[in-house]
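Working notes for the structure below.
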Amino acid sequence: MRTIKFILQKEFLQIFRNKSMLPVIFVMPIIQLCVLVFAATYEMKNTNLFVVDKDLSSHSRELISKFNGSPFFTVKDIDFSINNAEDELLKDDVDAILVFENGFGKLVDKKEPAEVQVLVNAIDASAAGLYNAYILSVIQEYNLQLKAKLQIVGKDNGIHLVQNTYSFLFNPEMKYIPYMLPGILVLLVTVIGLFLSAMNVVREKEIGTIEQINVTPIKKYQFLIGKLIPFLVIGFFELGVGLLLAAFVFKIPILGSVWLIYLVAFVYLLTILGIGLLISTQTDTQQQAMFIAWFFMIIFIMMSGLFTPTDSMPMWGQKLNYLNPVAYFIKIIRMIMLKGSGFMDVAKELGILGVYAVSILGIAVNRYRKVA
């Protein structure tokens, strides 16, 4: 223990003497958390809409007013020409076009099917799907109002509206920030843990101090424990700051146990630090370590479910995701923070992370060669 204590003193002194690294460790993650939570969102607001109204009826104007009153749409222009609308779409100044052909209002008055054409910019397929869904929801709401009016008139038109009630669990206001913040918090903890640990041992190789350490009677497990603990502490610090920001700045209620979050974070950080340590022991320069760490980081993040649901991946991708520790932690922290899940609810994922941590740390320790 005394040997590990001296190694820890050396590591913390090295960290705090490196003035250029302190902002990277303690300032940048907080700034990134505050920025990414608002930037990384799939909420479509201020969708630019161009309306081609060849009908100019009260019905077309009423439907246009519904788009104007929606927080999701901004009606950029109303014109008679479809060519002008398509020009705006080609210039990327609008996201969708709504076309009312002449006779739309008359068909509605006759209680006959009336058509509205929707043209959507589908370069971004995900965004296009949301644009279309939002537009259809507004039109569907208008349809329901028309049906209700027909019933009020008094004729038995065979129209019977079924009323349904619903409630949203765990995120009743349907905000995107409570969903994104836990995942981004995992991302920042991962960046700190993986990159710093990946560059740690290899830095000793570059400056030549690894040779001096290798000729000492320090056992390699003592050396590696001393290397890992400082970054474990830093990871806990980053997590704590993130949880405070979530509770007091973003007003996200943490429904589950904070201690359970830290328990899972402990196992997760051991896994990430083990991966970083393994990379560090197999590379000779910090540049090599950064490139390899970045390679794994990109794969872990893109397949983790942070931005896209893992269920939408092909089956081979879902099976490959069993080896992704980031996916496990994102799933667990969302369950604990937003649903109030307990230990037994996350025991399976936590057990997999535990096996992962023991395996990767064992491989890293075995691959480190203490050669004088």
Quiz item: What are the two closest heavy atoms between His59 and Gly105, and how far apart are they?
Solution: CD2-O, 3.6 Å
Self-check item: Ring geometry between Tyr262 and Trp259 (parallel below 30°, tilted from 30 to 60°, perpendicular above 60°)
Solution: tilted
Self-check item: Over 12 foreign heavy atoms within 6.0 Å of CG, Leu13
Solution: yes
Exercise. Classify the angle between the aromatic ring planes of Trp294 and Phe195 as parallel (below 30°), tilted (30 to 60°) or perpendicular (above 60°).
Key: tilted
Quiz item: Considering all heavy atoms of both residues, which atom of Thr281 and which atom of Lys205 are nearest to each other, and what is their separation?
Solution: O-NZ, 3.2 Å
Quiz prompt | Joint cluster assignment, Leu255 & Leu245, ILVMFWY side-chain distance < 4.5 Å | solution = no
Quiz item: Is Leu8 close to Pro230 at the side-chain level, that is, under 4.5 Å between some pair of heavy atoms?
Solution: yes
Exercise. Let me see the working for Gln288 and Val202 under side chain to side chain contact (heavy atoms under 4.5 Å, CB included), right down to the final yes or no.
Key: CA-CA 9 Å; Gln288 290 176 353; Val202 76; over 6 Å; no
Quiz item: Do any N or O atoms from the side chain of Asp345 and from the backbone of Gly342 form a donor-acceptor pair under 3.5 angstrom?
Solution: yes
Quiz item: Would Val99 and Ile139 show up in the same hydrophobic cluster when neighbours are defined by side-chain heavy atoms closer than 4.5 Å?
Solution: no
Practice problem: Would you check, one step at a time, whether the test side chain to side chain contact (heavy atoms under 4.5 Å, CB included) holds for Glu115 with Glu101? | Solution: CA-CA 8 Å; Glu115 294 182 352; Glu101 295 292 348; over 6 Å; no
Quiz item: Is the backbone of Phe67 close enough, under 3.5 Å, to the side chain of Ser70 for a donor and an acceptor to pair up by distance?
Solution: no
Quiz item: Does the Asp77 side chain pair with the main chain of Phe50, one donor and one acceptor, at a distance under 3.5 Å?
Solution: no
Quiz item: Got more than 12 heavy atoms from elsewhere within 6.0 Å of CZ, Phe291?
Solution: no
Exercise. Decide whether Asn321 and Thr310 meet the rule of one side-chain donor and one side-chain acceptor closer than 3.5 Å.
Key: no
Quiz prompt | Atom pair CD1 (Ile254) and CD1 (Ile333), whose distance is rounded to the nearest 0.5 Å | solution = 8.5 Å
Quiz item: Counting only N and O atoms by type, is there a donor-acceptor contact under 3.5 Å from the side chain of Ser359 to the main-chain atoms of Val355?
Solution: yes
Exercise. Look up atom CD1 in Ile275 and atom CG in Leu270, then write down how far apart they are to the nearest 0.5 Å.
Key: 11.5 Å
Quiz item: Under 3.5 Å, is there a donor-acceptor pair between the side chain of Ser280 and the main chain of Ala198?
Solution: yes
Practice problem: Please indicate whether Gln287 has more than 12 foreign heavy atoms, meaning atoms of other residues, nucleotides or ligands, lying under 6.0 Å from its CD. | Solution: no
Practice problem: Side-chain contact test, heavy atoms from C-beta onward, threshold under 4.5 Å: evaluate it for Ile82 versus Ile97 and give yes or no. | Solution: yes
Quiz item: Could you go step by step and tell me if Leu243 and Leu185 meet the side chain to side chain contact (heavy atoms under 4.5 Å, CB included) rule?
Solution: CA-CA 8 Å; Leu243 291 175; Leu185 184 55; 4.0 Å; yes
Quiz item: Is it true that atom CZ of Phe236 has more than 12 heavy atoms of other residues, nucleotides or ligands lying nearer than 6.0 Å?
Solution: yes
Self-check item: More than 12 heavy atoms of other groups within 6.0 Å of Tyr142 OH
Solution: yes
Quiz item: In terms of hydrophobic clustering (I, L, V, M, F, W, Y; side-chain heavy atoms under 4.5 Å; direct or indirect links), are Leu49 and Val94 co-clustered?
Solution: no
Exercise. Please answer: with hydrophobic residues joined when any side-chain heavy atoms are less than 4.5 Å apart, are Ile299 and Tyr322 in the same cluster?
Key: yes
Quiz item: Which heavy-atom pair separates Ser60 from Phe104 by the least distance, and what is that distance?
Solution: N-CE2, 4.0 Å
Quiz item: Parallel under 30°, tilted from 30 to 60°, perpendicular over 60°: which one fits the rings of Phe73 and Tyr134?
Solution: perpendicular
Quiz prompt | Heavy-atom check, side chain of Asp92 versus side chain of Ile123, under 4.5 Å | solution = no
Quiz item: Minimum heavy-atom separation for Tyr328 to Asn324, with atom names?
Solution: CD1-O, 3.2 Å
Practice problem: Start with the C-alpha distance between Leu350 and Leu263, add both sets of side-chain angles, then the distance that settles side chain to side chain contact (heavy atoms under 4.5 Å, CB included), and finish with yes or no. | Solution: CA-CA 9 Å; Leu350 182 58; Leu263 172 63; 4.2 Å; yes
Quiz item: Do the side chains of Val52 and Val116 join up, straight or via other hydrophobic residues, at under 4.5 Å, putting them in one cluster?
Solution: no
Quiz prompt | Check: Asp93 and Asn48 side chains under 4.5 Å, non-hydrogen atoms | solution = no
Quiz item: Hey, which of Leu232, Asn200, Leu194 is the one that makes side chain to side chain contact (heavy atoms under 4.5 Å, CB included) with Leu273?
Solution: Leu232
Practice problem: To the nearest 0.5 angstrom, please state how far the CE atom of Met337 sits from the CG atom of Leu260. | Solution: 12.5 Å
Quiz item: Is the NZ atom of Lys331 crowded by more than 12 outside heavy atoms at less than 6.0 Å?
Solution: no
Quiz item: Which is it for Lys76 and Glu88 under the salt bridge (charged side-chain N to carboxylate O under 4.0 Å, His left out) test, yes or no, and what are the steps along the way?
Solution: CA-CA 10 Å; Lys76 299 290 288 187; Glu88 294 296 306; over 6 Å; no
Practice problem: Kindly give the heavy-atom pair with the smallest separation between Ala289 and Ile279, and that separation in Å. | Solution: O-CG2, 3.8 Å
Quiz prompt | CG-CD1 distance between Leu56 and Ile78, expressed to the nearest 0.5 angstrom | solution = 9.5 Å
Quiz prompt | CD1-CG distance between Ile252 and Leu181, expressed to the nearest 0.5 angstrom | solution = 4.5 Å
Quiz item: What's the spacing between Ile272 CD1 and Leu196 CG if we round to 0.5 Å?
Solution: 12.5 Å
Quiz item: Is it true that a side-chain atom of Gln318 and a backbone atom of Met313 form a donor plus acceptor pair closer than 3.5 Å?
Solution: yes
Practice problem: Please determine, by modelled atom types, if Ser57 and Asp55 share a side-chain donor-acceptor pair under 3.5 angstrom. | Solution: yes
Quiz item: Tell me, do Phe100 and Leu63 make a side-chain contact under 4.5 Å, heavy atoms counted?
Solution: yes
Quiz item: Is there a donor-acceptor contact under 3.5 Å from the side chain of Tyr356 to the main chain of Leu323?
Solution: yes
Exercise. Indicate the atoms forming the closest heavy-atom contact of Arg334 with Gly305, along with that distance.
Key: NH1-O, 3.3 Å
Quiz item: Under 6.0 Å from the NZ atom of Lys106, do we count more than 12 heavy atoms belonging to anything else shown?
Solution: no
Quiz item: Is there a side-chain contact between Asn83 and Glu86, using heavy atoms and a 4.5 Å cut-off?
Solution: yes
Quiz prompt | Side-chain (Thr271) to main-chain (Val267) donor-acceptor, under 3.5 angstrom | solution = yes
